[in-house]
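Quick notes on the structure that follows.
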Amino acid sequence: MTEQTFAERVSRWYEENARDLPWRKPGTSPWAILVSEVMLQQTPVVRVVPAWEAWLARWPVPAALAAESPADAIRMWGRLGYPRRAVRLYECAVALVERHAGEVPERLDQLLALPGVGTYTARAVAAFAYGQRHPVVDTNVRRVVARAVAGEPDAGPTTRPSDLVATEELLPVEPAAAALASAAFMELGAVVCTARSPRCAVCPVERVCAWRAAGQQAPTGPTRRPQRYAGTDRQVRGLLLAVLREATGPVARLRLDQVWADDVQRSRALAALVTDGLVEPVGEASYRLVGDGPAHLPI
DNA sequence: TAACCGTGGGG
DNA sequence: TCCCCAAGGTT
């Protein structure tokens with residue numbers, strides 16, 4: 001009996017222990033999978049689940065979202081964070097209708113050309129929606145590979161081409177098995193090989209883990225630069241957007257002025273929201289979410 | 001490339 | 001309490 005490969009070990013564990021996440025149900029559409037991947041960018045699974053279900057119930061196909069406005073997308077996004085992703089998803093729906101007959105393309109280069117779709121998301125859709133063989137490298141996979149294969153306590157701060165190569169080398173040849181292995185690597189990193197308190201006692205590759213073998217040296221420090229929030233423009237943007245999200249239609253500038261005392265910073269944040277396509281001025285002294293008005297009349 | 005882009009929960 | 005972290009992308 002030949003020894004199991006790393007991918008086989010993790011895949012077998014995955015088949016027995018995978019979380020029951022709704023977008024993993026057989027028959028989930030490529031669009032639904034794309035939506036899940038965008039929502040999961042920097043937002044924890046538990047908060048994505050209900051938002052994903054509501055989003056797909058309202059917009060089951062790209063054309064349904066494309067027919068509405070960025071404002072609708074921003075409201076539906078709720079408090080998932082980084083609301084630019086909602087606008088990108090709207091733009092994505094428009095692009096799918098205009099360029100791909102309302103479908104999610106299968107080709108990696110076409111996926112990469114979509115708004116808000118980068119190295120990770122494009123490969124995740126190609127693998128999980130279409131069963132293609134691509135390295136799907138997110139923060140979990142980088143950590144798993146860094147530890148189990150390279151013997152390092154943590155991955156580097158950013159995804160590099162070498163990360164894709166290292167992961168690709170672990171994938172089975174057969175595409176469906178490769179896609180399964182990618183999901184399994186991610187799951188292992190999310191549930192067992194976590195950043196702070198890895199649960200090595202229940203790890204399926206504990207006995208072949210290079211990090212374990214090397215004495216499991218502790219992580220040296222934060223993987224990424226510390227992200228402050230309190231007092232930053234990001235906090236002010238969040239406060240402004242929360243007001244606009246709750247409102248229906250335009251909000252007076254005077255009302256927005258009350259969310260933050262510092263005039264300079266508040267104005268800068270509001271201007272940035274306009275630049276980023278989240279907010280637009282209405283008349284002389286009001287603002288609204290982009291497109292937050294009566295639907296366009298047919299020409 | 002490093003900084004920027006929200007929000008909330010857990011240790 | 002505070003800090004870290006979470007299926008990244010864009011500039």
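Because the structure is predicted, anything quoted here is derived from the model rather than measured. Atoms considered below: every heavy atom in the structure, side chains included; atoms not considered: hydrogens, waters and symmetry mates. Letters go in sequence order (proteins before strands), and every chain restarts at 1.
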Notebook entry, point to check: Are Arg288(A) and Glu280(A) close enough for a salt bridge, meaning some N to O gap below 4.0 Å?
Noted result: yes
Next item on the list: Would you mind checking if Arg142(A) and Asp154(A) are paired as a salt bridge, meaning a charged N to carboxylate O distance below 4.0 Å?
Entry: no
Using whole Å, what does the distance between atom [atom2] of nucleotide [N] and atom [atom1] of [X] come to?
X	N	atom1	atom2	result
Leu278(A)	dT10(C)	CG	P	15 Å
Tyr120(A)	dT10(C)	OH	P	14 Å
Tyr229(A)	dA3(B)	OH	C1'	17 Å
Gln41(A)	dT7(B)	CD	P	16 Å

Next item on the list: Pick the C1' atom in dG6(B) and in dC4(C), then give their distance to the nearest Å.
Entry: 15 Å
Item checked: Within residues 68-80 of chain A, residues whose heavy atoms come under 4.0 Å of DNA chain B ->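 Hits under 4.0 Å, by residue number: Arg79(A), Leu80(A).
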Checklist line | Those residues of residues 47-57 of chain A lying under 4.0 Å from DNA chain C by at least one heavy atom | finding: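 Correct list: empty, so none.
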Notebook entry, point to check: Looking at residues at least two apart in the chain, or sitting in another chain, which of them share a salt bridge (Lys or Arg N to Asp or Glu O under 4.0 Å) with Arg266(A)?
Noted result: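 Partners of Arg266(A) by the salt bridge (Lys or Arg N to Asp or Glu O under 4.0 Å) criterion, ordered by chain and then number, come out as Asp257(A), Asp263(A).
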Check: Looking at residues at least two apart in the chain, or sitting in another chain, which of them share a salt bridge (Lys or Arg N to Asp or Glu O under 4.0 Å) with Asp20(A)?
Finding: none
Notebook entry, point to check: Which pairs pass ring-ring contact (aromatic ring centres under 6.0 Å, His included) with one or both residues in residues 117-175 of chain A, sequence neighbours excluded?
Noted result: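 Found none.
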Checklist line | Qualifying ring-ring contact (aromatic ring centres under 6.0 Å, His included) pairs, either residue in residues 154-211 of chain A, two or more places apart | finding: Phe6(A)-Phe185(A)
Note to self: Over all strands shown, is Leu112(A) touching base, sugar-phosphate only, or nothing at heavy-atom distances under 4.0 angstrom?
What the structure shows: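 Since no nucleic acid heavy atom lies under 4.0 Å of Leu112(A), the category is nothing.
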Check: Heavy atoms under 4.0 Å, any strand shown: does Arg245(A) hit a base, just sugar-phosphate, or nothing?
Finding: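 Contact class for Arg245(A): sugar-phosphate only.
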Notebook entry, point to check: Can Arg143(A) and Thr194(A) be counted as having a side-chain donor-acceptor contact under 3.5 angstrom?
Noted result: no
Check: Hey, is CZ on Arg24(A) packed in by over 12 heavy atoms from elsewhere, all under 6.0 Å?
Finding: yes
